[in-house]
Number of protein chains: 2
Amino acid sequence: MATIDDVARQAGVSKGTVSSVFSKKRPISRQVSERVLNVAKELGYYPNHLARSLAIKKTMIVGLRVPLPSDGCMSAFESQLINGVIMECSKQGYRVLLDTLPEQDDPRLFSQDPVDGVILLNPRKNDPRIGRYGQMGIPFVLVGRPDPFDESISCVDNNNTDVSYQVGDYLLRNGHRSVLFLNSASDMTVSYDRKLGLSEVFRHYGLSLREEHVMYFTRKLFANGTDYGYISVMNSYRKLNYTAVIADTDRVALGVLRAARDLGVEVPEELSVIALSNDAILAQNMNPRLTSVELSADLLGAEAANMLIEKMSGMSDNRQVIIDAKLVVRESCSFRSNP
Amino acid sequence: MATIDDVARQAGVSKGTVSSVFSKKRPISRQVSERVLNVAKELGYYPNHLARSLAIKKTMIVGLRVPLPSDGCMSAFESQLINGVIMECSKQGYRVLLDTLPEQDDPRLFSQDPVDGVILLNPRKNDPRIGRYGQMGIPFVLVGRPDPFDESISCVDNNNTDVSYQVGDYLLRNGHRSVLFLNSASDMTVSYDRKLGLSEVFRHYGLSLREEHVMYFTRKLFANGTDYGYISVMNSYRKLNYTAVIADTDRVALGVLRAARDLGVEVPEELSVIALSNDAILAQNMNPRLTSVELSADLLGAEAANMLIEKMSGMSDNRQVIIDAKLVVRESCSFRSNP
DNA sequence: TCGAATCGTTAAACCGGTTTAATGACCTTA
DNA sequence: TAAGGTCATTAAACCGGTTTAACGATTCGA
């Protein structure tokens with residue numbers, strides 16, 4: 001590859017002049033500019049992004065860190081969220097460096113990435129990444145809530161506790177008294193929040209959410225979300241005697257519906273199904289159409305990107321943003337007169 | 001941020017020594033190494049990825065260019081493919097720089113990206129990107145087929161013509177004579193290939209595929225794939241008198257199924273539905289379960305990543321890889337005795 | 001005991017750009 | 001005509017690492 005020096009020599013000017021021709025940061029006479037551009041074209045010269053970034057201390061790249069289990073792949077939620085981040089970044093002239101490796105703890109392997117800022121997904125309790133980026137002085141935004149909570153951290157999240165409260169309220173208001181909750185994996189903060197909200201609404205109705213009615217997804221037992229829904233309902237329906245199922249995602253609900261078909265149980269007449277979902281199109285077109293919650297993962301991503309870019313430009317304080325999730329009633333739930 | 005110079009000064013050694021401590025490329029005595037590491041920790045020093053990459057001419061980053069229409073977002077196929085790329089890259093220690101902007105034609109805006117190689121998606125006819133990367137000497141792999149075809153280009157693709165031939169053959173063998181083909185957007189090479197295969201198999205049976213039985217997706221008319229399937233069937237079923245629908249994706253098939261329900265048409269008894277799909281879990285759990293083609297977008301992505309990494313290490317020639325797509329028969333198609 | 005080999009360390013050049021301070025040519029103005 | 005002001009251009013320093021060649025100290029073999 002031709003370098004700026006090659007171009008400068010061939011055009012009979014200095015590096016600085018060539019630099020100015022490309023960056024347009026300083027006026028260059030018409031003749032010189034054209035000569036340089038011609039030589040550049042002839043030699044096939046393109047400025048080197050690395051060298052440029054090193055000099056100006058800016059890469060126009062946003063890091064997106066999505067730690068995933070080594071075997072696993074992205075969920076629809078993650079995939080949509082990433083989509084949202086990319087769209088927003090593209091719009092503002094940024095690119096996205098995606099990373100799905102679990103973060104190393106050896107600082108020798110932890111280099112200062114070629115990014116201007118970072119978006120962190122799937123925060124764990126006491127996530128060591130938070131301290132690290134803070135210390136390195138790299139602007140970052142969290143998707144999810146920091147645990148323990150910290151006001152000085154920018155983050156975007158759904159109102160998860162609220163969501164499950166609403167969903168529970170909807171079911172209880174419609175006469176359901178026994179509900180199976182197919183929660184997501186137990187080590188995620190969102191899982192905790194959702195159970196909290198559901199417990200609360202049960203208490204509000206003078207009831208209590210029984211432990212055996214809450215299940216957690218695990219990769220060990222289930223190949224995927226749909227499997228989780230199918231197997232869990234097949235194994236528990238006769239035993240636990242519930243009239244409604246709250247599924248983690250639309251995919252889980254898909255498995256629940258299949259199990260219902262295989263068990264000869266009518267939905268929604270005999271069993272109501274509701275999902276804490278994020279794929280509106282799928283939910284709208286299932287049979288029956290799925291009552292579900294719109295999480296708007298893409299909005300979450302876009303907002304995170306937007307906050308980060310603002311933060312990098314230095315004109316914004318840290319803040320916490322809640323993206324409202326809302327219940328969309330379709331056809332998969334029924335009123336149940338109490339026995 | 002502390003630099004290597006700060007560490008060197010504070011530890012009373014030279015830059016080169018600090019560099020060696022971190023890269024482990026040269027032996028350093030135990031005492032010196034420990035002293036350097038301690039100082040580094042104290043100062044919060046992390047090596048600068050940019051500077052390092054500039055010096056060693058290697059970034060361990062793979063570019064993934066997915067040009068999308070400015071308004072649009074990724075399809076499930078793209079999303080899965082990206083997932084495959086990321087998984088394979090992660091496994092081999094690479095990261096992924098994602099870019100969804102349509103490529104600029106002004107070379108002044110086209111810099112030499114901080115990547116060791118590039119994966120190109122959604123190739124157009126005479127795609128200018130191909131020549132450009134070739135000229136720049138950056139290794140690249142195409143997902144899809146180059147048009148015009150060129151043996152010196154590495155690429156990964158499905159056997160699209162073959163797929164639609166197989167699908168057509170399956171329907172014709174089962175007695176169908178009138179088939180609606182909901183093809184993807186007309187400007188994509190895959191669209192052309194699929195129609196070609198279908199025409200061929202019709203000819204093989206002494207029939208001909210009629211133009212009005214082939215439709216193309218367009219963003220202008222349909223908000224999404226499911227809409228495309230629903231509206232197309234609602235508008236054409238009574239007029240065109242077909243007994244089977246070939247849908248571009250499972251999402252399109254979802255719309256077709258809903259249209260059938262709304263029209264009071266039984267699937268598969270009165271109407272057979274088949275999808276050129278890639279989401280096995282969704283297809284398996286639809287009602288009825290969807291007969292569809294497994295495109296394995298994730299494999300496509302993984303293979304592309306793998307080829308690229310091989311190519312970057314310099315030990316591999318260009319080659320064309322076909323990922324076999326195969327028809328998976330489930331429950332959405334029926335045998336039709338000819339009238 | 002001397003010369004060679006091994007070892008850890010360093011100074012300086014290098015990667016490919018940007019930027020600052022200085023330079024010289026040209027044009028005003030007093 | 002000399003002093004002052006623009007203007008395009010340049011040489012050199014800089015960004016933060018890696019690497020090469022040289023070096024002094026120690027160990028080895030004869």
Side-chain angles (χ1 to χ4, degrees), chain A residues 1-37 39-40 43-61 108-116 136-138, chain B residues 1-37 39-40 43-61 108-116 136-138:
Chain A
M1 275 298 301
T3 72
I4 200 171
D5 287 291
D6 300 330
V7 176
R9 200 176 316 122
Q10 185 87 2
V13 297
S14 74
K15 294 170 72 160
T17 303
V18 178
S19 175
S20 302
V21 169
F22 277 83
S23 69
K24 296 175 183 165
K25 284 196 183 165
R26 228 187 322 275
I28 297 290
S29 71
R30 186 173 195 73
Q31 322 133 39
V32 172
S33 181
E34 268 176 22
R35 195 165 76 238
V36 167
L37 247 29
V39 170
L43 298 181
Y45 166 76
Y46 299 100
N48 182 315
H49 188 275
L50 286 171
R52 174 156 213 279
S53 299
L54 180 60
I56 65 178
K57 294 167 178 294
K58 217 169 176 309
T59 63
M60 297 302 282
I61 294 176
R108 226 175 318 183
L109 300 172
F110 191 84
S111 81
Q112 213 183 334
D113 275 344
V115 297
D116 296 335
M136 291 170 76
I138 294 178
Chain B
M1 275 297 304
T3 71
I4 201 170
D5 287 290
D6 300 330
V7 176
R9 199 177 316 120
Q10 185 86 3
V13 296
S14 73
K15 294 170 72 162
T17 303
V18 178
S19 175
S20 303
V21 168
F22 276 82
S23 69
K24 296 173 185 168
K25 285 198 183 165
R26 230 186 319 278
I28 297 290
S29 71
R30 185 170 198 75
Q31 320 135 43
V32 171
S33 180
E34 268 176 23
R35 192 165 79 238
V36 168
L37 248 27
V39 171
L43 297 181
Y45 166 76
Y46 299 99
N48 181 315
H49 188 274
L50 286 172
R52 174 157 212 280
S53 298
L54 180 60
I56 66 177
K57 295 168 177 291
K58 217 169 176 308
T59 62
M60 297 303 283
I61 295 176
R108 227 174 317 184
L109 299 171
F110 190 85
S111 81
Q112 213 182 333
D113 275 343
V115 297
D116 295 336
M136 291 170 77
I138 294 178

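Proteins get letters first, then strands, A, B, ... in listed order; numbering begins at 1 in each.
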State, yes or no, whether a side-chain contact exists between A:Ile61 and A:His49 at a heavy-atom distance under 4.5 Å.
yes
Ring-ring centroid check A:Phe22 A:Tyr45, cutoff 6.0 Å
yes
Rounded distance (Å) that lies between atom P of C:dT10 and atom CG of B:Asp5:
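Nearest whole value for this atom pair: 13 Å.
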For atom CD of B:Gln31 and atom C1' of C:dT9, their distance in whole Å
12 Å
Assign each of B:Leu54 and B:Ser14 to its nearest nucleotide of DNA chain C by heavy atoms, then name whichever residue's nucleotide is nearer the 5' end.
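Its nearest nucleotide being more 5', the pick is B:Ser14.
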Go nucleotide by nucleotide along DNA chain C from the 5' end; which of A:Ala2 and A:Arg26 gets its closest nucleotide reached first?
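Going by which nucleotide is closer to the 5' end, it is A:Ala2.
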So, using salt bridge (charged side-chain N to carboxylate O under 4.0 Å, His left out) as the criterion, who are the partners of B:Asp6 when residues are at least two apart?
B:Arg9
State which residues pass salt bridge (charged side-chain N to carboxylate O under 4.0 Å, His left out) with B:Asp116; sequence neighbours excluded, sorted by chain then number.
none
Can you pull out every salt bridge (charged side-chain N to carboxylate O under 4.0 Å, His left out) where at least one residue sits in residues 52-61 of chain A? Sequence neighbours excluded, please.
none
OP1 or OP2 of C:dT9 sitting under 4.0 Å from any side-chain N/O of B:Thr17?
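No, because none of the side-chain N or O atoms of B:Thr17 sits under 4.0 Å from OP1 or OP2 of C:dT9.
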Using a heavy-atom cut-off of 4.0 Å across all strands, would you classify B:Val32 as base, sugar-phosphate, or nothing?
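Touches sugar-phosphate only.
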Pick base, sugar-phosphate or nothing for A:Lys57, based on heavy-atom distances below 4.0 Å to the nucleic acid.
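Result for A:Lys57 = sugar-phosphate.
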Just the endpoints, please: which first and last nucleotides of DNA chain D, 5' to 3', lie under 4.0 Å from a heavy atom of chain A?
D:dA8 to D:dG16
What pairs with A:Ser14 under side-chain hydrogen bond (donor to acceptor under 3.5 Å, both in side chains), at least two apart in sequence or on another chain?
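Testing A:Ser14 for side-chain hydrogen bond (donor to acceptor under 3.5 Å, both in side chains), a comparison that skips the adjacent residues, returns A:Thr17.
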For B:Ser20, all residues meeting side-chain hydrogen bond (donor to acceptor under 3.5 Å, both in side chains), sequence neighbours excluded
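By the side-chain hydrogen bond (donor to acceptor under 3.5 Å, both in side chains) rule, B:Ser20 matches B:Arg26.
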At their closest point, which heavy atom of A:Val39 faces which heavy atom of A:Ala11, and how far apart are they?
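Between these two residues, the closest heavy atoms are CG2-CB, 3.9 Å.
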Helical bend (five base pairs per end, nearest 10°) for the helix from C:dT1-D:dA30 to C:dA30-D:dT1:
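For the helix from C:dT1-D:dA30 to C:dA30-D:dT1, the axes at opposite ends meet at about 50°.
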